[in-house]
Enquirer: 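Shown below is the structure under consideration.
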Protein chains: 2
Amino acid sequence: MRKGEATRGRIIDSAARLAAVRGLTAVSLGDVAEVVGLSKSGLFKHFESKDDMRMAVVETVMERFGEFVWKPAETRPPGRGRLEAVFERWLHWCESEWAESGCPIMQLTIELDDQPGPTRDYLHKGLGVFRGALVREFQALRDPPLTEAEAKAAYFQMRSFILGLSEARRMMGDADAERSARAAFEALLDRTARPADA
Amino acid sequence: MRKGEATRGRIIDSAARLAAVRGLTAVSLGDVAEVVGLSKSGLFKHFESKDDMRMAVVETVMERFGEFVWKPAETRPPGRGRLEAVFERWLHWCESEWAESGCPIMQLTIELDDQPGPTRDYLHKGLGVFRGALVREFQALRDPPLTEAEAKAAYFQMRSFILGLSEARRMMGDADAERSARAAFEALLDRTARPADA
DNA sequence: ACAGAAAGTGAACGGTCGTGCTCTTTTTCC
DNA sequence: GGAAAAAGAGCACGACCGTTCACTTTCTGT
């Protein structure tokens, strides 16, 4: 039962990389089979249907996102340093780990946001947990802690800069985008950590 | 030759709405034909191929974006009021005009950003022109005008907030997102218009 | 080492895809 | 109002889609 798991992993990995480029729906079993070096029918020893495979891709991507972006920052003490670490890893996730295709979560979000179903639900839940954790980090950033609404607004901006970076780099080819994103985030931290004013 | 143009318009419109939901690649000619009330082969009297139709969709969407978002603001005098008008129309474009599907340009951008070809080129060009216009608006916002780099950074944030709003509303179901986006944009204008500090 | 399970193949299925073809209906122009 | 052109219908095609099934090969536990 060992070999199977390894193959299953390779299938998911290939499918995820294809999905990050063309979208999950546009990935055919034939394409995946070819990339991974299997026959189409061989895939069905690892997934009971294409929907099943799609779900596995979404789950795996979300899992890896947590490992890659959140986990390394978790070791740091809460506060500005931890938020900066998350942002830095997040940039790295989008710009290096998925350099050829762009962040698959972004692709999946746009693809699934208006298509109800278990995959959308899973994505929604995962993003919600991540957002919740970051909102708490933002709250703890200031001595009289930020209200939840303030922290949510800060997360909104943080997330926006990541999205903006992807478009600027991938579609517009803007080489300065990473600098812009980093600067915008640092300025956000500055004015969020500052105690009194709006 | 009149009837044909009207039908062509209806085809493009239906195709665009379907594409905003599922993505342009995932729209089949059969689907479009059914929605518009034509036979599949009838479509070929208006487009020489599916690629041709895809291109027409992209062109039309970009054209309408200009009419809807930029044109109403153009009548205003340059300055903060015009930028606010653009932002407001942009929100309206995303949240009302394409309420059921989300902004098609966002969908197209994510779908095409790593798929070279004429459609991507067209999208790239259109977005570039729009960005250029807004960058100039930002430059004129302050009395000693902003450097181009500063203005680009400001546009980067403006665009980011629009992207962030879409994800927050459509995927996360965040009802406060529109308020967050507006507040973030106003704060951006405040600190951009202010003369001296970084 | 050998039995049984797991992993993988190849052919075939019904369905849908984009596209060409011929043919009929409708519109447009003088 | 009638001829030419445009708009559209219907059918058939080859290719590919996801899935099934019977079969062979490879691995794994004892």
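Below, read A as the first sequence line, B as the second, and so on, with proteins coming before strands; counting in each chain starts at 1. Just so you know, these numbers use all the heavy atoms, side chains as well, and skip hydrogens, waters and symmetry mates.
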Enquirer: Under 4.0 angstrom, heavy atoms only, what part of the nucleic acid is K50(B) near: base, sugar-phosphate, or nothing?
Expert: sugar-phosphate
Enquirer: Do R182(B)'s NZ or CZ and the ring of F87(B) fall within the cation-pi criteria of under 6.0 Å and 45°?
Expert: no
Enquirer: In whole Å, what is the span from the NZ atom of K45(B) to the P atom of dT27(C)?
Expert: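 Result: 16 Å.
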Enquirer: The side chain of F44(A) lies closest to which of these nucleotides: dT19(D), dA7(C), dG8(D)?
Expert: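 Taking heavy atoms from C-beta onward, the closest nucleotide is dT19(D).
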Enquirer: Between D174(B) and K152(A), does a salt bridge (charged side-chain N to carboxylate O under 4.0 Å, His left out) hold up when you go through it step by step?
Expert: CA-CA 10 Å; D174(B) 186 347; K152(A) 280 187 178 172; over 6 Å; no
Enquirer: Counting only side-chain nitrogens and oxygens, does H46(B) get under 4.0 Å of the OP1 or OP2 atom of dA6(D)?
Expert: no
Enquirer: Below 4.0 angstrom, N of the basic side chain to O of the carboxylate: do R64(B) and E97(B) qualify?
Expert: no
Enquirer: I need the CZ-P distance between R8(A) and dA6(C), as an integer number of Å.
Expert: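 To the nearest whole Å, that distance equals 15 Å.
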Enquirer: Salt bridge (charged side-chain N to carboxylate O under 4.0 Å, His left out) for R10(A) and D13(A)? Distances and angles first, verdict last.
Expert: CA-CA 5 Å; R10(A) 274 166 45 226; D13(A) 191 73; over 6 Å; no
Enquirer: Tell me which residues in residues 19-43 of chain B put a heavy atom below 4.0 Å from DNA chain D, sorted by number, or none.
Expert: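 Listed by number, they are L38(B), S39(B), S41(B).
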Enquirer: In sequence, state the C-alpha distance, the side-chain angles, and the governing distance for R80(A) and E186(A), and then conclude on salt bridge (charged side-chain N to carboxylate O under 4.0 Å, His left out).
Expert: CA-CA 10 Å; R80(A) 178 162 179 153; E186(A) 286 300 325; 2.7 Å; yes
Enquirer: How long is the gap from OG1 on T25(B) to CG on L112(B), to the nearest 0.5 Å?
Expert: 7.0 Å
Enquirer: Considering just the side-chain nitrogens and oxygens of T7(B), establish if one lies under 4.0 Å of OP1 or OP2 belonging to dG8(D).
Expert: yes
